[in-house]
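What follows is a short report on a single structure.
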Amino acid sequence: MSDLAEIMQALEALGNPQTHKIYSRHGVTGAQFGISAANMQTLSKRMKKDHGLALQLWATDNHDARILALLVADPHSVEEATLDSWVHQLTNYVICDAFTSFAAQTRFLQPKAESWIDADGEWIESAGWGLLSHLASQSALPDSYFEPYLVRIERDIHHAKNRVRYAMNGALITIGVRTSGLEMLMLPSAERIGEVIVDHGETGCKTPDAVDYIAKVKAREAQKVKRAAEKATQKASLNL
């Protein structure tokens with residue numbers, strides 16, 4: 001499946017009025033069919049990476065087509081100018097999150113995180129902080145790279161734009177779980193920050209509390225260690 005008209009027909013056939021309503025409540029405006037994430041993934045798996053097609057899909061200005069574009073685009077072929085163009089066309093956090101996940105796979109991950117964080121716009125800044133979260137979770141950068149961002153988050157988060165606050169809070173958490181050293185710096189900062197208020201509109205979404213989130217992560221890790229130890233003990237006893 002590589003013809004744009006054929007793909008648009010397939011997308012329309014997958015549309016669901018209820019899903020359309022859900023996405024609308026989450027801030028998606030303009031043209032969309034209302035396709036669930038599961039159906040979108042199924043469709044994309046039937047297709048090969050096709051960067052030319054991704055550009056065509058994005059150009060339709062249809063929300064679902066743009067989500068598919070980000071799934072079939074080749075992160076190794078995308079040009080920096082394309083990323084800069086697309087990030088300025090983001091209009092809601094659903095497409096912003098999908099775009100950030102794609103941009104994180106490209107060779108421009110670090111420079112775009114650094115430049116977009118310093119931009120002026122709710123979605124481009126959100127993408128920048130989202131990329132910083134990806135850097136914290138998947139890069140080999142030293143902890144010292146992230147320390148200034150903890151200071152910046154504490155200083156600016158309550159004055160940032162609505163969804164930027166959410167992205168900054170996510171970065172705070174991801175940096176905190178990166179290493180024990182960063183956790184020791186992040187926890188006092190999160191305590192001083194306190195509650196982060198984000199308007200989630202007509203949805204049931206909530207903003208995670210950073211301190212509480214870290215505690216839950218540590219509890220899950222401790223439980224995994226405990227289960228692994230118990231499994232090893234059981235295995236050893238069977239070999240006696």
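All figures in this text were calculated on a predicted structure; none of them were measured in a lab.
Considering OG1 of T100 and CG of L90, their distance stands at 7.0 Å, rounded to 0.5 Å. Annotation: the span from N62 atom CG to L11 atom CG amounts to 7.0 Å, rounded to 0.5 Å. In this structure, NZ in K112 is found 9.0 Å from OG1 in T106, a value given to the nearest 0.5 Å. With rounding to the nearest 0.5 angstrom, the CD atom of E191 is 9.5 Å from the CE atom of M186. One finds the CG atom of L14 at 10.0 Å from the CG atom of L68 (value rounded to the nearest 0.5 Å). For the atom pair OG of S101 and CG of L71, the computed distance is 9.5 Å after rounding to the nearest 0.5 Å.
In this structure, V196 and L172 have side chains that are not in contact, with every pair of non-hydrogen atoms separated by 4.5 Å or more. Two residues are said to be in side-chain contact when any heavy atoms from C-beta on lie closer than 4.5 Å; C96 and E122 fail this criterion. Looking only at side-chain heavy atoms (C-beta outward), N92 and T29 stay at 4.5 Å or farther from each other. Residues S180 and M184 are not in side-chain contact: their nearest non-hydrogen atoms beyond the backbone lie 4.5 Å or more apart.
Although no hydrogens or angles enter the test, the distance criterion places no donor-acceptor pair under 3.5 Å between the side chain of S139 and the main chain of A136. One N or O on the side chain of N169 and one on the backbone of P208 form a donor-acceptor pair closer than 3.5 Å.
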Output a table of donor-acceptor pairs, distance under 3.5 Å, between side-chain atoms of residues 156-166 and any protein atom two or more places apart or on a different chain; print 'none' if there are none.
{"from": "H158", "atom 1": "NE2", "to": "I193", "atom 2": "O", "distance (Å)": "2.7"}
{"from": "K161", "atom 1": "NZ", "to": "D120", "atom 2": "OD1", "distance (Å)": "3.1"}
{"from": "K161", "atom 1": "NZ", "to": "E125", "atom 2": "OE2", "distance (Å)": "2.7"}
{"from": "N162", "atom 1": "OD1", "to": "R165", "atom 2": "NH2", "distance (Å)": "3.0"}
{"from": "N162", "atom 1": "OD1", "to": "D199", "atom 2": "N", "distance (Å)": "2.8"}
{"from": "N162", "atom 1": "ND2", "to": "D199", "atom 2": "O", "distance (Å)": "3.0"}
{"from": "R163", "atom 1": "NH1", "to": "H200", "atom 2": "ND1", "distance (Å)": "3.4"}
{"from": "R165", "atom 1": "NE", "to": "I197", "atom 2": "O", "distance (Å)": "2.6"}
{"from": "R165", "atom 1": "NH1", "to": "A160", "atom 2": "O", "distance (Å)": "2.7"}
{"from": "R165", "atom 1": "NH2", "to": "I197", "atom 2": "O", "distance (Å)": "3.1"}

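Salt-bridge formation is not detected for the pair E80/R107: no Lys NZ or Arg NE/NH1/NH2 atom is positioned less than 4.0 Å from an Asp or Glu carboxylate oxygen.
If you chain together hydrophobic residues whose side chains sit under 4.5 Å apart, L135 and V151 never meet in one group. By the rule that hydrophobic residues join a cluster once side-chain heavy atoms approach within less than 4.5 Å of another member, I95 and I22 end up as members of separate clusters.
Residue A104 comes nearest to L109 through the heavy atom pair O-CD2, 3.7 Å, listed as atom of the first residue, atom of the second, then distance. Closest of all the heavy-atom pairs between D209 and D212 is OD2-N, 2.8 Å. Shortest non-hydrogen contact noted between G128 and I117 is C-CG1, 3.4 Å. Of all non-hydrogen atoms in V72 and A54, the two that sit nearest each other are CG2-CB, 4.0 Å. Looking at every heavy atom in both residues, Y149 comes nearest to I175 through CB-CD1, 4.3 Å. Taking all atoms of both residues into account, the shortest heavy-atom contact from A167 to S126 is CB-O, 3.7 Å.
The ring-ring contact (aromatic ring centres under 6.0 Å, His included) contacts involving residues 43-75 comprise Y23-H63, W58-W86, where partners must be two or more places apart or lie in separate chains. For residues 103-125, the ring-ring contact (aromatic ring centres under 6.0 Å, His included) pairs, not counting sequence neighbours, are F99-W116. Among pairs with a residue in residues 134-143, those fulfilling salt bridge (charged side-chain N to carboxylate O under 4.0 Å, His left out) read D143-R178, at least two apart in sequence or across chains. Judged as a salt bridge (charged side-chain N to carboxylate O under 4.0 Å, His left out), the pairs with a partner in residues 51-62 (not counting sequence neighbours) are, in order, D61-R66. Listed by first and then second residue, the ring-ring contact (aromatic ring centres under 6.0 Å, His included) pairs that reach into residues 209-237 come to none, sequence neighbours excluded.
Heavy atoms from other residues, nucleotides or ligands lying under 6.0 Å from CD of E202 number 12 at most. Counting heavy-atom neighbours within 6.0 Å of E114 CD, excluding the residue itself, gives a total above 12. In the displayed structure, K21 atom NZ is contacted under 6.0 Å by at most 12 heavy atoms of other residues, nucleotides or ligands.
In this structure Q105 satisfies the side chain to side chain donor-acceptor pair (under 3.5 Å) test with no other residue, sequence neighbours excluded. Listed by chain and residue number, S77 satisfy the side chain to side chain donor-acceptor pair (under 3.5 Å) test with D74 (two or more places apart in sequence, or in another chain). Scored by the side chain to side chain donor-acceptor pair (under 3.5 Å) test, K218 finds E183 as partners (sequence neighbours excluded). Scanning for ring-ring contact (aromatic ring centres under 6.0 Å, His included) contacts around F146 gives an empty result, with sequence neighbours left out. Evaluation of the side-chain contact (heavy atoms from CB on, under 4.5 Å) rule for A171 yields W129, L132, S133, I153 as partners, not counting sequence neighbours. Not counting sequence neighbours, the partners of E221 by the side-chain contact (heavy atoms from CB on, under 4.5 Å) test are V217.
In this model, a donor atom of one side chain and an acceptor atom of the other lie less than 3.5 Å apart for Q89 and S85.
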### Message
Working note: I7 + M47, criterion side-chain contact (heavy atoms from CB on, under 4.5 Å); need CA distance, chi angles, decisive distance, verdict.
### Response
CA-CA 10 Å; I7 293 171; M47 303 168 63; 3.5 Å; yes

